[in-house]
Amino acid sequence: MAKFIKIVSVILIVAATLFLAATATYFIITADAKLDPEKLDLSSRIIIICDKDGNRLENASVSDKRANIDAKDLKDYTKNAFIASEDREFYRHNGLNYKRMLKALYRNVTSMKFKEGASTISQQLIKNTHLTGDKTIKRKLKEIRLTRQLEKKYDKDEILSMYLNTIYFGHSCYGLDSAAHFYFDTDAEELTLNQSATIAGLLSSPNNYSPFKNPEKCIERRNLVLKSMLECGFIDEYEYTENIKKPIDAVPNSNDTRYGDYLSALFDELDDLGVDPRNGDEQYTIYTSLDRNLQTKIEEIKFDTDSAVIIRNADGGIAAYSSSIGSAKRQIGSAAKPIFVYAPAIDTGKIHLFTRIDDAPVDYGGYSPENYDKKYHGTVTAEESLMYSYNIPAVKVLNAAGIENAANYAEKMGISLEEDEKNLALALGGMKNGMTLRELADCYSTLQRDGIYSRSHFIEKICDKNGDIIYERGQNLRRVFSEGTAHLITDALIRANEEGTGKVLKNSGYQIATKTGTCGNRDGNTDAYAVSYTTSHCIAVWLGDRQNNRLEITGGTNCCAITKQILNELYRAAQPAPFKTAGGTNEIEIDRQEYESCGNILLADDNSPKLNRLKVKCLKENTPTAKSNNFTKPTIQKPSILVNNDKICIVLCQTNYYEYLIYRQNANDKTLIYDGKWKEKIEDIPKDGSYLYSVVPYYDDGKNKYYGDEIILPQVNIFAEKITTKLPGITKRDWCNE
């Protein structure tokens, strides 16, 4: 018994020591944690947004849109929507929910990650106004102490009011009143139950649950809030059932539409950066890449469909952005071909742009692609296939180069393909979820930037009221394609702009590289694209229907027409510099006859005439090394020899550029019977006897003659009574001895 008491005493002493140590540590760490009432009111805090020239955007700063509300003036279901979804014990605890904290502590310990915080509404208010977003023990302890101070100083309705006035609801909306006006064009005090649940559902991720970006997810989240309200007894079964059936009636406030899409995307990026200008200073200035003139231009364009336009500078800054579907992902159609098919195939040495491909029916285990025009075009080059956006050659190239190869390149450009997306349909843009227009523009900008990928951005830097930089965009560059590959694809897309699918944009007076894409079938199209780039900008345009209804739209016609308007505005004052696409490539001459007759790629013979030289450009690392010797040592197929009565006929295979020596030889002498250019037949009438005829091809460049091997033809025997050869029994008739 004494031993047991001793053990218990030791345990109690250790526990007390640990408790005292923890308490001391807590007070030491949180000694400077003082509640600042001024920080709880963000109405005086300003977030200024500036364009690319550093000029402030009128009516775009957060302070211009914020109005404080009092929780006592809100309808009960509006307050309860936030309490049910964020902190069910709000009116019953002293700011800290110890039960939730213990559960979170257990999950963090078992997962070895500090990912759950069990924050109450009071804690969230402190975190949003007094602390950074870092997930550290030190910050959490300060949060706890400040929360206790908050609860002692203010009552619950005051805390709820301050909380609702400081939280972020997406689309640059800070505070409930701002969100109510933006999403539903009403005062916060007039929100319906359905609207209240929708706005409360935004809190965990405004990006993901925005009704303008992901309406389906928004409805799911709203219904989850309504379910929580039902479980808490805030609404009854009838109210729950009726409201989960209702659609989302969110419509952006028309008064906030100027620069609206750009600002919405900007604040989404701010969220992704983890930089929260609400904390700390009373004033922040966000410097952006926004070009007001371009933004105004694309906002003035009249669209008959849903639309999206993004203009990306060469340095990655987004100069203008407009989208009726937000950052929704869509199928990209043939816009996939340069980035997922031809560039990877060239970069890995699988093809050249001048590689010849048979555009003919093909079947890959039941997958039989068709061309957009339902026609087959015979033997075409890879470049022609890209320029005119033929489908069958693209699928053949992807099959030859490898789907995993394409997936690896996509990954380097920030596009992660799921396993069921890794199939030949990828060549035609067949993807499970598709891509955002911003992602697509970033991929094409990789070609514009000589093969180097950089993610686009809206925000250049953020400064505090003293002008000190608290965030500045860094250079996050990644090599994807070789310089030569990027240049070769750019060359092909310049031609596509001039004579291929993007020819609506030709005759601009400066170089533009363009690829179009269209998704649909004979009943109409759902998505249409034009992605164009110069040395200065990348312009991506999408037209379609968010509900996938069929429309009479194409990338080459409708999207290119919009691109043309934008280009006229972009380069009204000065044209962009021309592309320099020689780097990383070699310009070579190949044997035209070998290439066109059988697809062989051989460097031209040193003695080859100009007409037989075909000038092409290839990747430096994939320059052909084999050389033709067709003119250094001419070679022909073996001629035929015919006998028509007493006349000998030698039939020559047709060749360009060669001349021929033809000899007749018998036992006594060897006689040259012909020296000259190709003829279909060379005839000879010899006397009786046995003869061997031979042919020597040669090439005469005007200075020298280059002779091929002498070709001996079968022996011919001629007699007065009959003519025979190696084949007996044939006399006085036409015959051929090969």
| Tyr287 side chain to Cys463 main-chain N or O, any donor-acceptor pair under 3.5 Å? | no
| query | Quick one: does Leu428's side chain get under 4.5 Å of Lys337's, heavy atoms only? | reply | yes
| said: Quick check: do Ile339 and Ile415 have side-chain heavy atoms less than 4.5 Å from each other? | reply: no
| Ser482 and Asp347: CA distance, side-chain angles, deciding distance, side-chain hydrogen bond (donor to acceptor under 3.5 Å, both in side chains) verdict | CA-CA 7 Å; Ser482 68; Asp347 209 53; 2.9 Å; yes
| task | State the CG-CG distance between Leu488 and Leu493, to the nearest 0.5 angstrom. | result | 11.0 Å
| message | Checking Asn525 against Leu551 for the side-chain contact (heavy atoms from CB on, under 4.5 Å) test, could you report, in this order, the C-alpha distance in whole Å, the side-chain angles of both residues, the deciding distance, and whether it holds? | response | CA-CA 5 Å; Asn525 300 318; Leu551 303 169; 5.7 Å; no
| field | Exercise: identify the closest heavy-atom pair between His352 and Cys618 | value | ND1-CB, 3.7 Å
| Side-chain contact, heavy-atom cut-off 4.5 Å: Met435 with Cys443? | yes
| query | If we ignore angles and hydrogens, is there a donor and acceptor under 3.5 Å between the side chains of Thr501 and Ser389? | reply | no
| Below 4.5 Å, heavy atoms only, C-beta onward: do Leu203 and Ile167 meet side chain to side chain? | yes
| task | Answer yes when Lys432 and Glu418 have at least one side-chain N-carboxylate O distance shorter than 4.0 Å, and no when they do not. | result | yes
| message | Restricting to side chain to side chain donor-acceptor pair (under 3.5 Å), what partner residues turn up for Thr288, sequence neighbours left out? | response | none
| Looking only at atom types and distance, does a side-chain atom of Asn399 sit under 3.5 Å from a main-chain N or O of Val395, one as donor and one as acceptor? | no
| task | Please round to the nearest 0.5 Å and tell me the distance separating atom OG1 of Thr198 and atom OH of Tyr183. | result | 10.5 Å
| note | Nearest heavy-atom approach of His457 to Asp315 is CE1-O, 3.6 Å
| field | side-chain hydrogen bond (donor to acceptor under 3.5 Å, both in side chains) assessment of Asp491 paired with Thr581 | value | CA-CA 7 Å; Asp491 280 342; Thr581 59; 2.9 Å; yes
| Lys217 and Glu220 ion-paired at < 4.0 Å | no
| note | Closest non-hydrogen contact found for Asn405 with Ala345 is ND2-N, 4.5 Å
| Neighbour count >12 (heavy atoms, 6.0 Å) for atom CG, Asn55 | yes
| request: Starting at CD1 of Ile539, measure out to CD1 of Ile562 and round the result to the nearest 0.5 Å. | output: 13.0 Å
| remark: Of all heavy-atom pairs linking Asp527 and Arg330, the shortest is OD1-NE, 2.7 Å
| said: If the threshold is 4.0 Å, N to carboxylate O, is there a salt bridge linking Lys422 and Glu404? | reply: yes
| said: Please check: side-chain N/O of Tyr262 versus main-chain N/O of Gln295, any donor-acceptor pairing under 3.5 Å? | reply: no
| Beyond-backbone contact of Ser385 with Lys396, side-chain heavy atoms, under 4.5 angstrom | no
| task | For the pair Phe458 and Ile49, evaluate side-chain contact (heavy atoms from CB on, under 4.5 Å) and give the outcome as yes or no after the intermediate values. | result | CA-CA 11 Å; Phe458 294 88; Ile49 301 171; over 6 Å; no
| query | Side chains of Thr446 and Lys412: closer than 4.5 Å at any heavy-atom pair? | reply | no
| said: Could you tell me if the side chain of Leu270 sits less than 4.5 Å from the side chain of Tyr168, heavy atoms only? | reply: no
| Main-chain N/O of Gly583 paired with His487 side-chain donor or acceptor, under 3.5 Å | yes
| query | Any donor and acceptor pair, going by atom type alone, linking the side chain of Arg56 with main-chain N or O of Ile48 inside 3.5 Å? | reply | no
| task | Compare all side-chain heavy atoms of Leu437 with those of Ile325 and state whether any distance is below 4.5 angstrom. | result | no
| said: Looking at Tyr533, is its backbone amide N or carbonyl O close enough to the side chain of Arg312 to form a donor-acceptor pair, meaning the two atoms are under 3.5 Å apart? | reply: no
| side-chain contact (heavy atoms from CB on, under 4.5 Å) evaluation trace for Glu421 with Leu426 | CA-CA 7 Å; Glu421 291 180 300; Leu426 178 64; 5.9 Å; no
| said: Side chains of Ser456 and Asp442: any donor to acceptor distance under 3.5 Å? | reply: yes
| About how many Å separate CD of Glu472 and CD1 of Ile462, when rounded to the nearest 0.5 Å? | 11.0 Å
| query | Between the main-chain N or O of Thr534 and the side-chain N or O of Gln511, is there a donor-acceptor pair closer than 3.5 Å? | reply | no
| task | Say whether, by atom type as modelled, one donor and one acceptor occur between the side chain of Asp51 and the main chain of Gly54 under 3.5 angstrom. | result | yes
| Parallel, tilted or perpendicular for Tyr409 and Phe481, by the 30°/60° rule? | parallel
| said: If we ignore hydrogens and angles and just use 3.5 Å, is the side chain of Glu299 paired with the main-chain N or O of Ser322 as donor and acceptor? | reply: no
| field | Working for side-chain contact (heavy atoms from CB on, under 4.5 Å), residues Ser334 and Asn391 | value | CA-CA 8 Å; Ser334 291; Asn391 291 339; 3.9 Å; yes
| task | Start with the C-alpha distance between Arg572 and Glu569, add both sets of side-chain angles, then the distance that settles salt bridge (Lys or Arg N to Asp or Glu O under 4.0 Å), and finish with yes or no. | result | CA-CA 5 Å; Arg572 183 172 51 186; Glu569 176 65 26; 3.2 Å; yes
| Residues, nucleotides or ligands: over 12 heavy atoms within 6.0 Å of Asp420 CG | yes
| task | Say whether, by atom type as modelled, one donor and one acceptor occur between the side chain of Tyr529 and the main chain of Gln331 under 3.5 angstrom. | result | yes
| query | Is the number of heavy atoms from other residues, nucleotides or ligands within 6.0 Å of CD (Glu552) greater than 12? | reply | no
| query | What distance separates Trp542 CH2 from Leu440 CG, expressed to the nearest 0.5 Å? | reply | 13.0 Å
| request: May I ask you to decide whether Lys329 forms a salt bridge with Glu439, counting only side-chain N to carboxylate O separations under 4.0 Å? | output: yes
| field | Residues Arg495 and Glu498 bridged, charged N to O under 4.0 Å | value | no
| said: One thing to verify: whether Glu460 and Arg473 come together as a salt bridge, which I'm taking to mean a side-chain N less than 4.0 angstrom from a carboxylate O. | reply: yes
| said: Nearest 0.5 Å, please: how far is CG in Leu505 from OG1 in Thr514? | reply: 5.0 Å
| said: Show the nearest heavy-atom pair for residues Tyr209 and Leu202, with the distance to one decimal. | reply: O-CD2, 3.2 Å
| message | Tell me the closest heavy-atom pair linking Pro576 and Ser536, and the distance in Å. | response | CB-OG, 3.9 Å
| request: Verify side-chain hydrogen bond (donor to acceptor under 3.5 Å, both in side chains) between Tyr510 and Thr535, making sure each step is shown before the conclusion. | output: CA-CA 10 Å; Tyr510 49 87; Thr535 51; over 6 Å; no
